[in-house]
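In what follows, a structure is listed as structure tokens, so that the remarks can point back to it.
Nothing fancy with the numbering, it's 1 onward along the sequence. Numbering of ligands and ligand atoms starts at 1, following listing order.
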Amino acid sequence: MAQAGIAGLRVVVTAGAAGIGRDIAERFLDGGAKVHLCDLDAPALEATAAELQPAGTTLADVCDPQAVARLFREAEASLGGLDVLVNNAGIAGPTAAVEDIELEDWRRTLDVNVTGQFLCIRQAVPLLRAAGGGCIVNLASAAGLRGYPLRTPYVASKWAVVGLTQSLAMELGPDGIRVNALCPGPVEGERIDRVIAAKAAARGISEAEMRAELTRDISLRSFVTARDIADMALYLAGPSGARISGQALSIDGNIEVLR
Ligand code: NAD
């Protein structure tokens, strides 16, 4: 069922060729929004565009300032303006004891997960102001609200996303721009399978044990779906979210602890 009040919204989704971003794009399109997607994976972006038929796409790495500037020029042309930015691009980063983490891996994780969001917001804000207000949805994580050993670059980056969100909600609120963060728990899919495999290896336990432990630490005893995350993004972007800003919203089945 289409979410009310989404039709006609002009939406940019970063990293929209796969995973959560793809589901978010699909849900917005189903609701009658106009969507422009970016991704750094050219074949995946092409395949997703062929299936979803968004208004436009841009091949871009969100860490590259020139590519991000091009993304927003192209989005403005394909959408005719901007009402919603979904800052979805993010990587898991390394899983290792802190003394074994390479500086390059630390930097790349912070670069994609934090600087990438900053670069997109910097381009989006003038367009959102020109539209008379709008909505920014930043993908954080359950790991942006609590500690998570062996994943320090990821955790540091997602706590930064929550701080960025709260600060921008204050800075941009007077212009009618709402800024919120989504904090998903483990999302069923390929990426969480990779995360579980890496964590199991780092802790010297089996993948089945790691998955079972992770499930036990969630009150509802199940992972969430990309669709759950997309539903929350639509809720925030539509009229239902009109008075919601500065929040870090958990969609995680109530994670009790991350270990
Ligand atoms: P994913 O690993 O499935 O990747 C989705 C897309 O991101 C891919 O198409 C990839 O090419 C693209 N991408 C990666 N780096 C990029 C970059 N620098 N520029 C542009 N595109 C890039 O990701 P996902 O699991 O869908 O995660 C989406 C967001 O949700 C991330 O910010 C992630 O941290 C967050 N998140 C995910 C989970 C989970 O369990 N999957 C949990 C909590 C938070």
## Note on the structure
atom 10 (C) of ligand 1 sits nearest the protein heavy atom Asp39 OD1, 3.4 Å
### Query
For residues 84-103, which residue pairs qualify under side-chain hydrogen bond (donor to acceptor under 3.5 Å, both in side chains), counting only residues two or more places apart or in two chains?
Asn87-Asn138
### Message
Just verifying a value: how many Å separate Ile192 CD1 and Arg211 CZ, rounded to the nearest 0.5 Å?
### Response
8.0 Å
### Message
Give me the residue, atom name and distance of the protein heavy atom closest to atom 30 (O) of ligand 1.
### Response
Ile20 CD1, 3.4 Å
### Summary
To atom 22 (C) of ligand 1, the nearest of Ile229, Leu40, Val86, Leu182 on a heavy-atom basis is Leu40
### Message
Quick check with a 6.0 Å cut-off and a 45 degree axis cone: is Arg151 positioned over the face of Tyr154's six-membered ring?
### Response
yes
### Message
Is it the case that the side chain of Arg259 and the backbone of Asp217 share a donor-acceptor pair, with hydrogens and angles ignored and the cut-off at 3.5 Å?
### Response
no
### Message
Is a donor from one side chain sitting under 3.5 angstrom from an acceptor on the other, for His36 and Thr57?
### Response
no
#### Entry: ligand 1-proximal atoms of Glu188, by part, heavy-atom distance under 4.0 Å
neither
### Query
Mind checking whether Ala60 has a heavy atom under 4.0 Å from ligand 1?
yes
### Task
Run the contact test for Gln117 against ligand 1 with a 4.0 Å cut-off on heavy atoms, strictly below, and give the result.
no
### Message
If the cut-off is 4.0 Å to any non-hydrogen atom of Ile192, which atoms of ligand 1 fall inside it?
### Response
40 (O)
#### Entry: Per-atom contacts, ligand 1 versus Gly19 - under 4.0 Å to a heavy atom
3 (O), 26 (O)
### Query
Can an N or O of Ile91 be found at a distance shorter than 3.5 Å from an N or O of ligand 1?
no
### Query
Without hydrogens or angle criteria, can the side chains of Thr58 and Glu74 be said to hold a donor-acceptor pair below 3.5 Å?
yes
## Note on the structure
Nearest non-hydrogen contact to atom 42 (C) of ligand 1 from the set Pro186, Gly185, Gly189 belongs to Gly185
### Task
Would you mind checking which non-hydrogen protein atom is closest to atom 18 (N) of ligand 1, with the distance to 0.1 Å?
Asp61 OD1, 3.0 Å
### Shortest protein heavy-atom distance from atom 24 (P) of ligand 1, along with the residue and atom involved
Arg191 CD, 3.9 Å
### Query
Under a 4.0 Å N-O cut-off, is there an ion pair linking Lys199 with Asp193?
no
### Query
Which residue owns the protein heavy atom closest to atom 7 (O) of ligand 1, what's the atom, and how far is it?
Ala15 CB, 3.1 Å
## Note on the structure
Note: ligand 1 atoms sitting under 4.0 Å from heavy atoms of Arg194 are 2 (O)
### Query
Thr14 near ligand 1, heavy-atom distance under 4.0 Å?
no
### Message
Tell me whether ligand 1 is touched by Tyr154 - counting only heavy atoms on the residue side and a distance under 4.0 Å.
### Response
yes
### Summary
From the list Val112, Asp111, Asp105, side chain to side chain contact (heavy atoms under 4.5 Å, CB included) with Ile91 holds only for Val112
## Note on the structure
Candidates Thr115, Val62, Thr48; heavy atom nearest atom 19 (N) of ligand 1 found on Val62
### Task
Give the residue, atom name and distance (to 0.1 Å) of the protein heavy atom nearest atom 43 (C) of ligand 1.
Pro184 O, 3.3 Å
### Task
Using distance alone, determine whether Val187 and ligand 1 share an N or O pair under 3.5 Å.
yes
### Query
Between Arg146 and Val257, is there a donor-acceptor pair closer than 3.5 Å when you use the side chain of the first and the backbone of the second?
no
### Query
Is there a donor-acceptor contact under 3.5 Å from the side chain of Glu209 to the main chain of Ser206?
yes
### Task
Just need the protein heavy atom nearest to atom 31 (C) of ligand 1, so name the residue and atom and give the distance.
Asn88 O, 3.2 Å
### Task
Working to the nearest 0.5 Å, report the span between CD1 of Ile251 and SG of Cys183.
7.0 Å
### Query
Of Ser141, Ala143, Ala140, Gly90, which has the heavy atom at the shortest distance from atom 35 (C) of ligand 1?
Ala140
### Task
Taking the side chain as every heavy atom from C-beta outward, state whether Glu51 and Arg22 have any atom pair closer than 4.5 Å.
yes
### Distance (rounded to the nearest 0.5 Å) between Leu59 CG and Leu71 CG
10.5 Å
### Query
Does a side-chain N-to-carboxylate-O contact under 4.0 Å join Arg203 and Glu213?
yes
## Note on the structure
Nearest heavy-atom approach of Pro94 to Thr109 is CD-OG1, 3.5 Å
### Query
Under 3.5 Å, N or O to N or O, is Asp41 touching ligand 1 that way?
no
### Query
When you look for heavy atoms under 4.0 Å from ligand 1, do you find them on the side chain of Glu190, its backbone, both, or neither?
neither
### Per-atom contact, atom 4 (O) of ligand 1, protein heavy atoms, under 4.0 angstrom
no
### Query
With a cut-off of 4.0 Å, which atoms of ligand 1 are near a heavy atom of Arg108?
18 (N)
### Task
Would you mind running through ligand 1 and noting each atom that sits below 4.0 Å from a heavy atom of Ala89?
32 (O)
